[in-house]
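Because the structure is a prediction, the values reported are computed rather than measured.
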Amino acid sequence: MLPLFFLSGLSMTVFVLLHSGRGGGLSSAFGGSSLGGLSGTQVVQKNLDRITISSAVVFVVTTIVLIYIYK
């Protein structure tokens, strides 16, 4: 359970950093800024949102399970 906890925390951190902020974020480093205004950027952002939300859900669930295990 601990490896899943650390893996989900690490992946959540990476995917949050990949989101574009006001300045473009790290996602612009992978071609997001050159495609500005095209639908490809929106698809990438939607996929990043889904992956980030999935990582967050796994992180929360593993946190709750670990609390009950080590309680």
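- To the nearest 0.5 Å, the span separating CZ on Phe15 from CD1 on Ile53 amounts to 12.5 Å.
- Pairing each heavy atom of Ser8 with each of Ser55, the nearest pair is CB-O, 4.0 Å.
- Between atom CD1 of residue Ile69 and atom CE of residue Met1 there is a gap of 5.0 Å, rounded to the nearest 0.5 Å.
- Of all the heavy atoms in Leu48 and Leu18, the pair that sits closest is CD1-O, 3.7 Å.
- There is a path of hydrophobic side-chain contacts, each under 4.5 Å, that joins Tyr70 to Phe59.
- A continuous path of Ile, Leu, Val, Met, Phe, Trp and Tyr side chains, each step under 4.5 Å between heavy atoms, connects Phe6 with Leu66, placing both in one hydrophobic cluster.
- In this structure, CD1 in Ile51 is found 14.5 Å from NZ in Lys46, a value given to the nearest 0.5 Å.
- With respect to Thr62, the side-chain contact (heavy atoms from CB on, under 4.5 Å) criterion is satisfied by exactly one of Leu2, Val57, Leu4: Leu4.
- For the atom pair CG of Asp49 and CD of Gln42, the computed distance is 11.5 Å after rounding to the nearest 0.5 Å.
- Under a hydrophobic clustering in which Ile, Leu, Val, Met, Phe, Trp and Tyr are joined whenever their side-chain heavy atoms come within less than 4.5 Å, directly or via other members, Val44 and Val14 fall into the same cluster.
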